[in-house]
Number of protein chains: 2
Amino acid sequence: MSTRDTVLAAAQRLLATDPTAPMAEIAAAAGVGRATVHRHFASREDLLHEIGRRSLDRWAESMTEAGVAGAVASADPALIRACLDDMIGRFVVDADEYGIALTDPTVVNGPALRERADALFAEEVTLYAAAQAAGVLRSDVAARWLGHSLYGLLVAVRDALVAGDIAARDAQDLVRSTFLEGGAAR
Amino acid sequence: MSTRDTVLAAAQRLLATDPTAPMAEIAAAAGVGRATVHRHFASREDLLHEIGRRSLDRWAESMTEAGVAGAVASADPALIRACLDDMIGRFVVDADEYGIALTDPTVVNGPALRERADALFAEEVTLYAAAQAAGVLRSDVAARWLGHSLYGLLVAVRDALVAGDIAARDAQDLVRSTFLEGGAAR
DNA sequence: CTCATATGAGACAGTGAAGTCTCACTAGGA
DNA sequence: TCCTAGTGAGACTTCACTGTCTCATATGAG
């Protein structure tokens with residue numbers, strides 16, 4: 001792994017728990033001199049921006065790999081449901097690695113990133129809308145609300161993992177099950 | 001409203017979206033001089049601590065008013081369900097007014113606040129556990145996970161409101177319904 | 001009116017982090 | 001061997017924020 005990637009990885013890990021961690025700490029966590037960090041990222045903002053960009057890349061990638069576009073186009077309930085399960089699983093993994101961007105406004109800072117995040121969310125919502133049309137998801141709530149609620153569950157996973165209340169291997173099924181079936185007894 | 005309360009309210013509102021907002025911005029948002037803020041709160045940490053304390057107060061108050069202790073003691077499914085609905089509604093209102101700062105390390109900073117937050121969460125979880133025992137909530141997931149997922153939905157509400165995707169008056173029912181029934185079609 | 005209290009505005013110094021720069025060292029290729 | 005690129009360490013400047021202070025002003029009670 002290149003020095004640049006080492007720094008990025010360390011920064012992602014560190015900033016997830018402390019978004020205000022100074023550059024010196026990030027450098028130390030990466031096992032690198034402070035000057036070296038600045039050789040690869042002109043400013044702190046540059047570093048944050050790059051993390052945000054990568055997070056969005058991963059988000060887009062996960063939707064592509066889950067076959068969101070195809071599932072939406074198919075309008076097939078079984079395919080949509082499978083795509084949904086797949087995508088949720090990928091999101092849980094992503095959130096674990098790229099979790100910072102979840103709640104921190106300092107990461108997705110620029111208007112360009114903001115706009116791209118909105119576009120990705122809109123793409124994600126097309127799946128929810130298709131799922132509603134196909135009878136997979138309920139239609140009495142806004143498709144965008146379903147998107148927000150899944151996002152909220154990803155935040156919940158992070159908190160639960162930090163608190164040690166769930167096992168990492170259970171996270172995916174927990175989110176899928178809670179997102180789809182809720183918490184009420186059957 | 002006293003100047004002190006004005007500052008606190010402004011700080012809560014501002015710090016909910018930007019926990020690093022400088023004192024000058026907080027003062028400006030409160031329509032007050034920077035020196036005045038320092039007259040009421042010796043340091044920034046004091047201010048944050050007070051916000052954290054008040055938020056936890058409100059949390060505790062909401063659980064008391066919802067009758068959590070009584071519902072748990074009763075073990076009555078109907079009462080527990082009513083208490084749950086009541087509590088969720090209060091939490092949605094609280095989250096709107098007090099921000100979601102309860103997991104932000106910059107707000108809940110001291111070990112004392114941290115400990116109290118843990119205790120309150122534990123108290124909340126007793127309701128989920130009682131609900132599981134009474135057949136109101138599903139028992140195949142950890143009670144603490146249910147707590148985290150509700151918190152996640154509160155985050156979702158905030159985001160959805162900011163994005164303009166839901167109406168404030170729908171928030172309570174949306175959270176109740178999503179928390180209990182999930183997003184799958186019936 | 002008089003006075004006490006609270007405030008706004010602004011000046012001030014201290015602090016910590018960001019960013020720049022230099023210099024010496026190391027590894028690897030020509 | 002020599003040279004180049006990348007690095008660590010550290011000095012240094014700049015800057016934003018914090019916290020303190022002073023002084024003039026407003027407001028309300030007596």
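So that the names make sense, note that chain A is the first sequence line, chain B the second, and so on, each numbered from 1. Predicted model, so just to flag it, every value in this text is computed and none were measured.
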Does OP1 or OP2 of C/dT7 have a side-chain N or O of B/Thr3 closer than 4.0 Å?
yes
Measure CG/B/Leu47 against P/D/dC17 and give the value in whole Å, please.
16 Å
To the nearest 0.5 Å, tell me how far A/His148 NE2 sits from B/Leu161 CG.
9.0 Å
Measure from CG on A/Asp18 to P on C/dA17 and round the result to the nearest Å.
11 Å
Heavy atoms within less than 4.0 Å of DNA chain C: which residues of residues 30-45 of chain A have one? Give them sorted by number.
A/Arg34, A/Ala35, A/His38, A/Arg39, A/Ala42, A/Ser43, A/Arg44
Beyond-backbone contact of B/Arg44 with B/Leu47, side-chain heavy atoms, under 4.5 angstrom
no
State plainly whether the residues A/Arg138 and B/Glu181 are in salt-bridge range, i.e. N to O under 4.0 Å.
no
Whether B/Arg34 side chain and B/Ala27 backbone form a donor-acceptor pair below 3.5 Å
no
A/Arg54 bridged to A/Asp5 by N-O distance under 4.0 Å
yes
Is any NZ, NE, NH1 or NH2 atom of the basic residue among A/Arg116 and A/Asp57 found under 4.0 Å from an Asp or Glu carboxylate oxygen of the other?
yes
Using atom CZ of B/Arg4 as one end and atom C1' of C/dT5 as the other, report the distance to the nearest whole Å.
17 Å
